[in-house]
There are 2 protein chains.
Amino acid sequence: MDQNNVNEAVLPLEKFIAYRLNQAAEKVSQKFALEYKKRYGMTRPEWRTLATIGQFGNITAKQICQHSSMHKTKVSRAIFTLEQRRWLKRTVDQNDRRVEHLELTLQGQKAYLELSDVARNFQDQIYAALGPANTAALETSLDAIETLIDTQ
Amino acid sequence: MDQNNVNEAVLPLEKFIAYRLNQAAEKVSQKFALEYKKRYGMTRPEWRTLATIGQFGNITAKQICQHSSMHKTKVSRAIFTLEQRRWLKRTVDQNDRRVEHLELTLQGQKAYLELSDVARNFQDQIYAALGPANTAALETSLDAIETLIDTQ
DNA sequence: AGTCCATCGTTACATATGCAACAAATTTTT
DNA sequence: AAAAATTTGTTGCATATGTAACGATGGACT
């Protein structure tokens, strides 16, 4: 495919960092999504919600939104689905009855630990492919990018 | 917020590379999306389609799919919208009438060059924040990650 | 030529998503 | 204490997306 654009100063999409980040992120996420789709028929919001509850043990929907940057309707619907599966239980806060505390059931914990294990293997493979120097630089770069955007 | 998960071996979501990449990618993309939404009311698939046609000058829908990794229905709909705006014109291939060649109109080129300029400034800011070493390492890492996923 | 299969791009349908409005509970203001 | 404003989580609705099917065209094979 010939590139015959007149203007040499334009930025090729494949050199544009926003695009490159999205490409890599999407590939990695879709690869990992195969695991939770195949095993449990879960969606990405469901996996992230499960992972966040599993990580914190006891958490509210609002806190899941803050920690995972997911939209509150996504979180609300993911919680509903996980509850239907009996993977989490809700407890209404006694001091503020708007708030519900979420915890995984034993089944939910089992799925979380299994997927967490897959995630760790996945992570190890990527880090092995990058090597220690690039791994460190990647983490530093992602932090720097997020900080830049947040503080702009 | 206390982290009182029982199992210390689990992978915190904010250390999981698939999640980190998505976070950074989404933040950067949404920031840049403000520009084309504000100026032209464009969507992300529309911007990417415009950028790909602008970059190659003359291209088919299928080639846009291959180069941008967008689903063909996304590309089809983006082409339709860009055509409605009179930002691109189609020419049916004389040797194979299933194929349409796409080119930007003058209006389309104008928008492309303007957004391309914004993109370059955006890129420069990110690279300035990262520094040369991390910039190089980031690009290497993204390449390595994509290659790893593709060859697995 | 005629049949079968592959390819390019579009569209119908079902699902996923975000925005805005909402109910219920709580907090702040007067 | 009453009224107003805020917060938590849910839901109605419109939009965005992917899958599968499709029409049109072209190529391969007989």
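What's counted below: heavy atoms across the whole structure, side chains too, no hydrogens, waters or symmetry copies. All chains are named by letter (A, B, ...) in the order of the sequence lines, taking the proteins before the strands, and each is independently numbered beginning at 1.
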Starting from [atom2] on [N], measure out to [atom1] on [X] and report it in whole angstrom.
X     : N     : atom1 : atom2 : answer
B/I64 : C/dC8 : CD1   : P     : 14 Å
B/Q66 : C/dC8 : CD    : C1'   : 11 Å
B/K72 : C/dA6 : NZ    : C1'   : 12 Å
B/H71 : C/dG9 : NE2   : C1'   : 12 Å
B/M70 : C/dC8 : CE    : P     : 17 Å

Inset, instruction - Given ring pair (Phe, Tyr, Trp, His ring centres under 6.0 Å), test A/F32 with A/W47 step by step and report yes or no. - result: CA-CA 10 Å; A/F32 184 65; A/W47 150 246; 5.2 Å; yes

Legend entry - Residue whose closest nucleotide on DNA chain D lies nearer the 5' end, B/T73 versus A/H101: A/H101

Legend entry - Residues within residues 35-46 of chain B bordering DNA chain D, heavy-atom distance below 4.0 Å: B/P45

Inset, instruction - Using the side chain to side chain donor-acceptor pair (under 3.5 Å) rule, take B/E114 and B/Y36 through it: C-alpha gap first, then chi angles, then the decisive distance, then the call. - result: CA-CA 10 Å; B/E114 186 180 326; B/Y36 52 73; over 6 Å; no

Legend entry - Pairing of B/R20 and A/D143 as salt bridge, 4.0 angstrom limit: yes

Legend entry - Test item: side-chain donor near acceptor, A/T43 and A/E46, under 3.5 Å: yes

Legend entry - Flag for A/S69-B/Q23: side-chain donor and acceptor within less than 3.5 Å: yes

Looking at [Y], is its backbone amide N or carbonyl O close enough to the side chain of [X] to form a donor-acceptor pair, meaning the two atoms are under 3.5 Å apart?
X      : Y      : value
B/S116 : A/L11  : yes
A/E139 : B/I17  : no
B/T135 : B/G131 : yes

Inset, instruction - Would you tell me if any nitrogen or oxygen in the side chain of B/K62 comes within less than 4.0 Å of OP1 or OP2 on C/dC8? - result: yes

Inset, instruction - Identify, residue by residue, the members of residues 76-98 of chain A with a heavy atom below 4.0 Å from DNA chain C, and return them in order of residue number, or none. - result: A/R77, A/N95, A/D96, A/R97, A/R98

Legend entry - Sole candidate of B/L21, B/N22, B/L148 that passes side-chain contact (heavy atoms from CB on, under 4.5 Å) when paired with A/V28: B/L21

Inset, instruction - Measure from the side-chain heavy atoms of B/K74 and tell me the nearest of D/dG9, D/dT17, C/dG9. - result: D/dT17

